[in-house]
Amino acid sequence: MTNDPLELYIARFQMSLTGMTLDIRQDIVDEIRAHVHERMCVSGMPIPEILERLGPPEDLAREYCTGSLVTWHDRFSPLVVLRRAGAWVVTTAHAGAIAIIAIYGYGIALGFFVFALLRSLVPELTVVWVTADFDNIGIGPNAPFDARPLAENWLQPMAVGLGIAFLMLATMALRRLVPSLKRWCRYAMKPIEFPSLDGAGRKAANLSHDFFQAQARMAQRVRTRWQNG
Amino acid sequence: MPGEVKQRGEDDEKWEAQLRKGCLEMAVLAALAPARSYGLEIIRTLEKHSNLDLSEGTVYPILNRLRSDGLVTSSWVESESGHPRKYYSLTSKGYDRATRMAEVWLQFTAGVNALIEPLLPAAQERARG
């Protein structure tokens, strides 16, 4: 067990950094470590004081994990509500697209890999055949009399290649779609500040006050003009 | 009575902390506008040019969030002091965002300044005393 205050701080900090990949966590820890060394070199401040200025490691980690520091509200207006509704539609469409790509993309890739494996285990059951006039294609031992096997030796590498291609394409599409879904979802979830009855009452009171003030000013002006002839 | 004073002091502090945190994101983006910079340099710029009085630990999570939002980019660079530094620079999206924030800030402060005008003599007297 080390007694180095920096290492103790880093250990507690690392323990509290949750919900992120190891790369990101390491990057954050490296930056905090670099900050401590830099501060020490520049100002000659002792490490415990530098760590104190950074705040408790759990609090610092919480700031990283929670992300947003202040929750912003949008004022209520029909346009804002319409935008939120639109954001929910786009979020749902994104979520649907992600589900379809994940299920079909990875499912098809898995299918190709399983086929490639079965091709080595039971080659006679996994023959791909095509009829002479190319109007029928299928898999299995019960081929029509005019059928001939298709790409016999290349079938396994082709299946592996297609499996890898589907795996990569699905992953690339998901990598693009997931951050976009997060952004839309964050916008759709942003709270709206609805007007309160108190606020409406205050506005009505202000309006009526302004109206009576204007009426009194006009009456005063008319009286002055009448007195001056 | 002392309890009431203490409560009022805590409320003031909370409000001030929220105010500082609220404009910190804009301040960090503004600090990066002239040139790329690293964490400690950003903190010193903020301390020098603003009255933000920030905890050093607050700036790094903000930089991390700005990076994940695509407003800044970062890269590790070896320094003369022997320690690598993580430099941040504004992206074009970050520059646009900072400009928009500055615009909103100007409008916002102009409105609030007009509103607090009747309080200014008392506030100035308090600041002097």
- Taking all heavy atoms of A:F166 and all of A:A109, pick out the closest pair and write down the distance.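 That would be CB-CB, 3.8 Å.
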- Task: Under the salt bridge (Lys or Arg N to Asp or Glu O under 4.0 Å) rule, what do A:E38 and A:R33 come out as? Steps first, then yes or no, please.
- Result: CA-CA 9 Å; A:E38 190 77 31; A:R33 207 187 279 276; over 6 Å; no
- May I ask you to name which of A:V42, A:I32, A:D27 has the most heavy-atom pairs under 4.5 Å with chain B? A:D27
- A:F113 meets the ring-ring contact (aromatic ring centres under 6.0 Å, His included) criterion, sequence neighbours left out, with none
- Item | Interchain contact, A:D30 with chain B, by part (heavy-atom threshold 4.5 Å) |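 Answer is both: backbone and side chain atoms of A:D30 are under 4.5 Å from chain B.
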- Query: When only pairs under 4.5 Å are counted, which of B:I43, B:V59, B:D69, B:N64 shares the most heavy-atom pairs with chain A?
  - Reply: B:N64
- Answer yes when B:E78 and B:K86 have at least one side-chain N-carboxylate O distance shorter than 4.0 Å, and no when they do not.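 Answer for the salt bridge query: no.
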